[in-house]
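Take a look at the structure below.
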2 protein chains.
Amino acid sequence: MAEDSRILAGKRTTIYDIARLAETSASAVSSVLNGSWQKRRISKRLAAKITEIAEREGYSANAQASLLRRARSNIVGMIVPKYDNRYFGSIAEQFEAISRARGLFPVVTCTQREPALEVEAAKELISFQAECLIATGATDPDHLTALCEAAGVLSINLDLPGNAAVSVISDNYGGARELTALILDRCREIGYEGALHFVGGRPSDHNTAVRLRGFLDVHHARGIAVPEDHVLVPGYSADRAEQAMKSLSPRDAMGIFVNSTISLEGVVRWSQGLNDAARQRLRYGCFDYDPFAALLPSNVGMVQQNISKMLETAFDIMDTRRHPSEPILVPCVLRPC
Amino acid sequence: MAEDSRILAGKRTTIYDIARLAETSASAVSSVLNGSWQKRRISKRLAAKITEIAEREGYSANAQASLLRRARSNIVGMIVPKYDNRYFGSIAEQFEAISRARGLFPVVTCTQREPALEVEAAKELISFQAECLIATGATDPDHLTALCEAAGVLSINLDLPGNAAVSVISDNYGGARELTALILDRCREIGYEGALHFVGGRPSDHNTAVRLRGFLDVHHARGIAVPEDHVLVPGYSADRAEQAMKSLSPRDAMGIFVNSTISLEGVVRWSQGLNDAARQRLRYGCFDYDPFAALLPSNVGMVQQNISKMLETAFDIMDTRRHPSEPILVPCVLRPC
DNA sequence: CAAGTTTGCTCAATCGATGGTGCAAAGTTG
DNA sequence: CAACTTTGCACCATCGATTGAGCAAACTTG
């Protein structure tokens, strides 16, 4: 079976080992195992022999050596803030699937919304010779783009836009308007005609800002004034959303625009503490979709972002190296509950 | 700034480029940039000069070249079935965090519960010289272990056990017993004393089998017979769980042990179609935790697996290369709703 | 100041796969 | 059968970083 000396040395089988066993050269082995043997005029007989021996020995090419020599790496990198929600989870899954279908090697890493981690991960991916880095929901996308540019790596912003690279994002404004209108309508049905609350996200965040604008514009169009203290943006965090809600004085009825499912977790935990009457007169909707949250009684609707379309667009940019300076907006789908 | 010739050639800066700019040797540059310069007696002066130039040029080491030369890769691989639930999402997140904290480079890839994809991903990770492969919820863990063994890569099974490598899994039996008991108790409160249904997972799956055994044992201990058609194991799929539920004849009251959150999605969709009376007399619990699902009215409790403990154990095995032949069981936590 | 030590650096082999180039041997053509 | 083409393969430089070995210059010691 596999050579004992190699096993004992703890080293892996190389093309040189296979060459020795097949009584041929390393270059023949290499070309046979990477599929370029026809072009290099290796006989079918030798190819079969090498293939068989390689299989028997459990040969596995050293990707480092191969990549070092080759011009392209076929590695595509992605950073993602979290895996704790459907949105980013699905982005990661689909990114991997599309990459594989194209013969690329996807490396996804989650960076916990921490700027330092994002930078570290980006540097690592660049060092790994990734050909492209998709920065999803990055806190400082332009910094990452700068790193990529210095290394000649294509960078694409997803979910959150940057100024230095192409950005593919949802139509946050449109989605927010639709959701706001829906929640207002549903509130009217229970006799509440006041301003909604906006909960979740952070002020410095582009998506939060745009969604908030949509939220305010719809109120304005309906002639409803939004008091300042109706806007609570304590970050993307269940705990902080819950605290923010608890800090409000109790109200008879209320409607909430929840920005992100992670914030919804906090809102929902807070609502568990309400008495039945208050809960009966509570309505909310959420930007981002979750199948279980969609079934909660007070939930009137969720905005689902079009992930397939966003990724399709991103890969299209990889192919064509198109570089529009304006973010590409992908419409969302409002799913009433 | 950065050398124009390099830019034009589309190639990245190497230690040789830096060496030329700093009027020194590549080996000096290498040792300075990888931190081994003190050991190699490079002067602080030269080190500072090299560091400055490297920074100015935006140098990024070619990890492939570095790894080729080095003995250890520090790469640790993990395959995960899906990112669409909290359980696997959290496993991936925590695996990455722990790896980074240990100076390792984590590469996680999701394989959609497809055996062919699992094998492909494992081969790729081995080819990248991963030092260890953690196979999470793999459909054929022993096959992956065989691949790893041939390449001298440590393999560890997580979530689902295998025979060929160490396995770290939850105490599925204990968790299932507790959950079953809880659902039965809650059903009694609404006057239903019959057998529960078991929904989700697949017959060939170890975890499904063990959980089902716990489920049956508790029924048996209480003297409740479980009809064969109460066990529905159509796979880990929301659609198939929903179909399975729809195929049942309507009942006055019922209790369900739902195996996995993805199956719960199907069950919950099905329950939306019930009339109010039937829904009033429906109780279920789920093996695996989801914060939103925990708030659904008919949900009586969810089993949360102890991910931190499982990963801690896995990394402990990486360190010590301990190789117990029996799976290591990690207790779960039942979270009543 | 001669002998020995330390400091500070460079040289060159190496990791494993790739692919351009070269060169026999076999096959073809006139 | 000489000249030419095709087939089938091996040789070796190369990718970029690492590291053992070696060596001059500076410094120390008696």
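These numbers come from the heavy atoms of this one structure, side chains and all, not from hydrogens, waters or symmetry mates. Labels below follow one simple rule: chain letters A, B, ... track the order of the sequence lines, proteins then strands, and each chain is numbered from 1. The structure displayed is predicted, hence computed values, not measured ones.
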- Task: May I ask you to test the E23(A)-K49(A) pair for a side-chain heavy-atom distance under 4.5 Å?
- Result: yes
- Which whole-number value in Å describes the distance from L68(B) CG to dT19(D) P? 12 Å
- Under 4.0 angstrom between T24(B) side-chain N/O and dT10(C) OP1 or OP2: yes
- Note on the structure: Per atom distances to the Y16(B) side chain, the nearest of dT18(C), dG16(D), dT19(D) is dG16(D)
- Task: Among dA13(D), dC9(C), dA10(D), find the nucleotide with the atom closest to the side chain of S27(A).
- Result: dA10(D)
- Item | Length of the line joining E23(B):CD and dC9(C):P, which is rounded to integer Å | 13 Å
- Can you find a side-chain donor-acceptor pair between T13(A) and E57(A) that sits under 3.5 Å? no
- Shortest side-chain distance from R70(B), nucleotide among dA17(C), dT18(D), dG16(D): dT18(D)
- Task: Identify which nucleotide among dT21(C), dT19(D), dT18(C) has an atom closest to any side-chain atom of R40(B), counting heavy atoms from C-beta outward.
- Result: dT19(D)
- Gap between atoms CD1 and C1', on I42(A) and dT18(C) respectively (whole Å): 13 Å
- So which nucleotide from dA10(D), dG16(C), dA17(C) ends up closest to the side chain of S66(A)? dA17(C)
- Item | For atom CG of L67(A) and atom P of dG19(C), their distance in whole Å | 12 Å
- Message: Please pick, from dG19(C), dG22(D), dT19(D), the nucleotide with the shortest atom-to-atom distance to any side-chain atom of R41(B).
- Response: dG22(D)
- For K309(B), does the NZ atom have more than 12 heavy-atom neighbours from other residues, nucleotides or ligands under 6.0 Å away? no
- Measure from CD on Q129(B) to P on dC15(C) and round the result to the nearest Å. 14 Å
- Assert: residue with more 5' nearest nucleotide on DNA chain D, out of R45(A) and A65(A), is R45(A)
- Given atom NZ of K44(B) and atom P of dC9(C), what is their separation to the nearest angstrom? 12 Å
- Message: Check for me whether R113(B) meets the cation-pi criterion with Y236(B), that is, NZ or CZ under 6.0 Å from the six-membered ring centre and within 45 degrees of the ring axis.
- Response: yes
- Query: Nearest to the side chain of S25(A) - dA17(D), dA10(D), dT10(C)?
  - Reply: dA10(D)
- Quick one: is dG16(D) close enough that its OP1 or OP2 comes under 4.0 Å of any side-chain N or O from Y59(B)? no
- Would you indicate, yes or no, if dA17(C) has its OP1 or OP2 atom less than 4.0 angstrom from a side-chain nitrogen or oxygen of N34(A)? no
- Message: Strictly below 4.0 Å: does S36(B) bring a side-chain N or O up to OP1 or OP2 of dT19(D)?
- Response: no
- Message: What is the distance, to the nearest angstrom, from the CZ atom on F128(A) to the C1' atom on dA17(D)?
- Response: 14 Å
- Message: I'd like to know if the side chain of N207(B) reaches the main chain of D159(B), judged simply by a donor and an acceptor atom lying under 3.5 Å from each other, with no hydrogens or angles considered.
- Response: yes
- Nucleotide nearest A61(A) when distance is taken to its side chain, options dT14(C), dA17(C), dT18(C): dA17(C)
- Message: At 4.0 Å (heavy atoms only), tell me whether L33(B) reaches a base, stays on the sugar-phosphate, or touches nothing.
- Response: nothing
- Query: Do M78(B) and L158(B) come close enough that some side-chain heavy atom pair is under 4.5 Å?
  - Reply: yes
- Query: Just how far, in rounded Å, is P of dA10(D) from CZ of R20(A)?
  - Reply: 15 Å
- For dC9(C), does either OP1 or OP2 sit under 4.0 Å from a side-chain N or O belonging to S43(B)? yes
